Peer 1: 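Okay, here's the structure, questions in a sec.
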Amino acid sequence: MSRIAIYAGSFDPPTNGHLDLIQRSLGFVDRLVVGVLNNVAKAPLFTADERQALIRACVDDARVDVRIFRGLLVDVAHEVGATLVIRGLRVVADFDYEMQMALTNRQLAPALETIFMVPSLETAYISSTLVKQVAQFQGNVSGFVPPPVAAALRAKFPRT
Ligand code: PNS
């Protein structure tokens, strides 16, 4: 039986940290569904279509399927046949929120396991929120995101 995982997030925008986790996940899953969802607590800069296109531009692997979803993560996982949810734990500050989400999802769908992954040391500090701040004030984001995302950020925040 093939092992399907869902790596869900808002990916607004996708960063080198997200790409690192996608590559790491492919070390132990047969198929990875990258689920672009909206985090209701955040207003996205990029549309879901843009985020999907950016991830697709950066990931070239037939085992990865990038899709846009609405609704609950547990329902999305069920829909795609995923038994695993991948989440990255970057810093201690992530822990409370991630633990609450994982336990809430377990209450909703007991058979769905959340896997917390440790990112590479080089990407562990990168956050989409901070990348957007840097881009907004014309900072250099090339150390945080792949070239297609850097170009998309420049287009969102043109020099005036
Ligand atoms: O990258 P993010 O913003 O940390 O991703 C959070 C996301 C989108 C995975 C989370 O908000 C989510 O799962 N949203 C879908 C709605 C849902 O299932 N909420 C309850 C989860 S406990």
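Here, residue 1 is the first one in the sequence, and each next residue gets the next number. Whatever order the structure lists ligands and atoms in, that order sets their numbers, starting from 1. The model shown is predicted, which means the values in this text are computed figures rather than measured ones.
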Peer 1: Mind checking the CZ-CG spacing from F69 to L37? Nearest 0.5 Å is all I need.
Peer 2: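 Answer rounded to 0.5 Å: 7.5 Å.
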
Peer 1: Locate the shortest heavy-atom distance separating Q52 from I68; write the atom from each residue and the value.
Peer 2: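 Nearest pair, atom of Q52 first, then I68: OE1-CD1, 3.5 Å.
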
Peer 1: Looking only at side chains, do T47 and D49 share a donor and an acceptor under 3.5 Å apart?
Peer 2: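 Note: T47 and D49 side chains miss the donor-acceptor criterion.
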
Peer 1: How long is the gap from CG on L73 to CG on L112, to the nearest 0.5 Å?
Peer 2: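 Answer rounded to 0.5 Å: 6.5 Å.
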
Peer 1: Kindly check if the number of other-residue, nucleotide or ligand heavy atoms within 6.0 Å of CG (D60) is above 12?
Peer 2: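 Open.
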
Peer 1: Might you list the protein residues in contact with ligand 1, defined as having a heavy atom under 4.0 Å from one of its atoms, sorted by chain and number?
Peer 2: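 Only A8, G9, S10, L37, N39, K42, G71, L72, L73, R87, Y97, M101, T104, N105 have heavy atoms that fall under 4.0 Å of ligand 1, ordered by chain and number.
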
Peer 1: May I have all residue pairs that pass side chain to side chain donor-acceptor pair (under 3.5 Å) and include part of residues 85-96, sequence neighbours excluded?
Peer 2: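 Counting only pairs at least two positions apart or across chains, the side chain to side chain donor-acceptor pair (under 3.5 Å) contacts touching residues 85-96 are R87-E98, R90-D94.
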
